[in-house]
Each structure stands twice: as C-alpha cells, then as structure tokens.
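When reading the values below, keep in mind they use all heavy atoms of this one structure, side chains included, and skip hydrogens, waters and symmetry mates. By convention in this document, chain letters (A, B, ...) are assigned in the order of the sequence lines, proteins followed by strands, and residues within each chain are numbered from 1.
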Amino acid sequence: MYPVLADIEIPLAEVLSSMEIEGIRLDAAALHSFGEELLPKIDGLAGEIYAAAGHEFNIGSPKQLSVVLFEELGLPAGKKRKTGYSTDADTLEALRDKHQIIPLIFEYRTLTKLYNTYVRGLEAAVSPDGRMHTTFKQTETRTGRISSAEPNIQNIPVRTEIGRNFRKFFVADEGNLLADADYSQIELRVLAHLSGDKAMIKTFCEGGDIHTETAASVLGLPPEWITPEQRRSAKAVNFGIVYGIGAFSLAKDINVSVAEAKRYIDDYLTHYSGVREYMDKVTKSAEKDGWAVTMFGRRRFIPEILSTNKTVKALGKRIAMNTPIQGTAADIIKIAMVRVYRRLKAELPEARLILQVHDELIVEAPEEKAAQAARILTEEMQGAVKLAVPLTADAKEGRSWYEAH
DNA sequence: CTTCTCACG
DNA sequence: ACGTACGTGAGAAGC
Ligand SMILES: [Mg+2]
C-alpha cells in the first residue's frame, strides 16, 4: 500500500539507529593539535588585515567588513543583501586583484571556518567513548535524503587540501579498518534511466568518462580531442541540468557570456533530446497533480508551481525537475543501506555500517575482514536496483576516512 | 531569533 | 524589468 514506507523507511529506521549508536572514532588529540597550528596563522592574518585596513575591526562581521571594503577602501560594491552590500566569496572573487586585503580575507575566512566549525565544533561533539554519534534525521528533507546533525558528519571538508585534513581524524578503532564505497555519478545515471534518453544511456553503457563523452557528443568531436576546459564546461552543464539550470546561472558559474551558456544548454538538450522531453513531462505533471514523484513512488508536493509570482513558479519547475533525480538517488542508497546492513549481519557480524554521505557508505571492520566488507559494500550498492544503465560503486580501505575515500 | 556566510553531496 | 541552480547544518554577528 505504501511501498516507500514499508519497503524502505521502516527497515531503514533500524539501520540508522544502529549507525548512530555505533558512531565513528575521532582522534581528538590530533584534531586538537591541528587546531593549535591554525590559531597563530589566523592571528597573523588578522594582523595583516588590520594593517591593510589601517585599523582594527571585527573581520567576522559582514557589516563592519563592508564598511572597510566599500567605504574606507573605496572598492566597488556588488550585490546587495537585505541589510547591506554582500561580502560573500563570489563578490570578493571579483575584487581579488583590486586590493591586497582581499586574498587575506579569503585566507582568514577559510581558516576561521575550519577552526570554529570543525576544530571547536567537533571537539565539543565527541562523546566520552571517544566517538562521534551523529543524529541521522529521517524525516527532515523535502527530497527523501537523510540529514545529519549534532554533529553534521555529511559536510566534513574534502574539496581543499587543508580542509581535507579533517578526514584524517575520523579513524577506525584499533585493529579495525574503514571500508568506504561511493556511487559514481548516481544522479546522472538516474537521469539517464528516468528520461530513457538513448544517447545518455549509450554513453553510460560504454563506460567512458561522462563529462568528456558529453563534451564530445555535443560538440561533435572525438573524445580524445576534448580539452580540460571543454570537459569542465560539460561537467558544469551536466551538473546544472540536474538542477533545472538557466543560462544566466550557468554563465556565472563557468564564466562565459549568457549567450554562450544558452547555446551550451540548447546543444545539450538537442543532443540529449530525451532529457528535454523528460523535463517537459515532469514539469507538466507537477502543474497538473501538484507533486513530483521518484522512481519508487515518493512524492513531494510543490505548491510553488502554481504561484502567480513567476520567480516562485520558476523555482517550482526547478524543484519538479530536480526532486525525482535527487529523490530517486536517495531511495537507491537507502535500499543499499538496508541490503548492506542485512548482509553484514548474516555474513560478517563483526563489521558495522557507520556513515552515509548521500552517495557514499562507510563500514568499520576488523583489519582481516575489511576486504570482505568492501566487497559486500560494492555488491550491495551496485545491485540495489536495476536501471537502464550500470550502477557502479568504487570501494577503498584505510585507517582513516582520509585514506579510505 | 534572523541574517550572512560557507562546509558538504 | 526582474531574478536567476537543487538539497542540507552550523557558527558568528547583531537585533
Ligand atoms: Mg561519488
């Protein structure tokens, strides 16, 4: 009657509960000494920023910072917020070469973010058993994803090398290893499946690099001719398509003219014409029914799509395009989690599923069982559902999350 | 408490 | 003319 509830969410509740109770070990001493190394760097940067500004002020206050940048130093102000001029990363990026203070602000923001959120925050969240026990919220998101809080272990830094260091402090207990597996391009594979687009399905079935293949197909060139720049653009388009992107935002993202961005999107949707038809279909049905639906029948109501405010209605359409993709990917990894949990319980009870990060699962297992745990992870993730394209997951083992990912 | 900013997929 | 990519959680500032 309610297959998402009965077949996915109810079985998943026990899995999430077990993951929270198990937790993951934090190397608190190493985390602390990393923090102690950050502090003098933050201090030094603050001094340089005060010197560049000509006086001390609270760098962490966007209000005070905008007075320094846009009034005292006379830098050109950009976007406005409700309460004043924006000082966010996009705005500062445009000013990077205009004043020596800008790169210092970037560095200061990066280091204080890492220190405040990930040194102090994680230190405060470690339990007496030396492990982090997050709360996985099962009924929080609109799309069917789970979220993680107190502490959030789904936004631990990875994109920059300095931030990535924090993953060294998430470790396996003595005698254990972490096995980590993540899905390759799960959202684009879901899009290929849901849209049934022949060209996109073919690309995934042939097993090449999706972004390179997309660039080659759209531009009509052999894949080996694709430059890194062309691949980056194709990647941004692939990414944007999943969000129901417009030319304006794509242009801003990859730094081309709006006209050029519009051509990229147009060429993409002409080549992957099944994707254009699919997007039309899901927005129409959301307007008619008032909801979007995932592959397994999870519904999200979208009142925005009936709004008379066209900005809100446009948001409704993007939600209608994105929710089936993000939500189906969420359904799939939830199914995989229940499969992994059951299979470990039956075949490798010393191993524990401990973390989920949207397209990634982490198991902790005794050293000598870690390879087997990794195999089980890969098999159960890849076999969770049958799609029109292969679903692949790559596993790795290590002493820490840094090593295993 | 809201706003701004920034970390993740 | 206007606004402009989906989904989250957390810390600091300031009201
Ligand atoms: Mg991945």
Task: Secondary-structure notation, DNA chain C, from Watson-Crick and G-U pairs under 3.5 angstrom (| other strand) - done: .....|||||||||.
Open item on the list: Just to verify, what does A/Lys345 make a salt bridge (charged side-chain N to carboxylate O under 4.0 Å, His left out) with, not counting sequence neighbours?
Closed with: A/Glu14
Task: Pairwise P distance for B/dT3 and C/dT4, with rounding to whole Å - done: 15 Å
Open item on the list: At a heavy-atom distance below 4.0 Å, what parts of residues 26-43 of chain A sit against DNA chain C?
Closed with: none
Open item on the list: Just the rounded figure in Å: distance from P of C/dC2 to NZ of A/Lys80.
Closed with: 13 Å
Open item on the list: Does the protein touch nucleotides 9-15 of chain C at the base, only the backbone, or not at all? Give it as B, S and - per nucleotide, heavy atoms under 4.0 Å.
Closed with: BSSSSSS
- [ ] Find the distance A/Arg81:CZ to C/dG3:C1' and express it as a whole number of Å.
- [x] 13 Å
Open item on the list: Does either side chain, that of A/Asp267 or that of A/Thr270, offer a donor lying less than 3.5 Å from an acceptor on the other one?
Closed with: no
TODO: Classify the nucleic acid contact of A/Arg164 as base, sugar-phosphate or nothing, counting any heavy atom under 4.0 Å across all strands shown.
DONE: nothing
Open item on the list: Short of 4.0 Å, heavy atom to strand atom, which residues of residues 237-271 of chain A count as contacting DNA chain C?
Closed with: A/Gly240, A/Tyr243, A/Ile245, A/Phe248, A/Ser249, A/Asp253
TODO: Measure the CD1-OH distance between A/Ile332 and A/Tyr183 for me, rounded to the nearest 0.5 Å.
DONE: 6.5 Å
Open item on the list: With heavy atoms of chain A within less than 4.0 Å as the criterion, where does contact along DNA chain B begin and end?
Closed with: B/dT3 to B/dG9
Open item on the list: What is the distance, to the nearest angstrom, from the CD atom on A/Glu304 to the P atom on C/dA5?
Closed with: 14 Å
Open item on the list: Quiz question: by atom type and distance under 3.5 Å, do the side chains of A/Gln326 and A/Thr143 form a donor-acceptor pair?
Closed with: yes
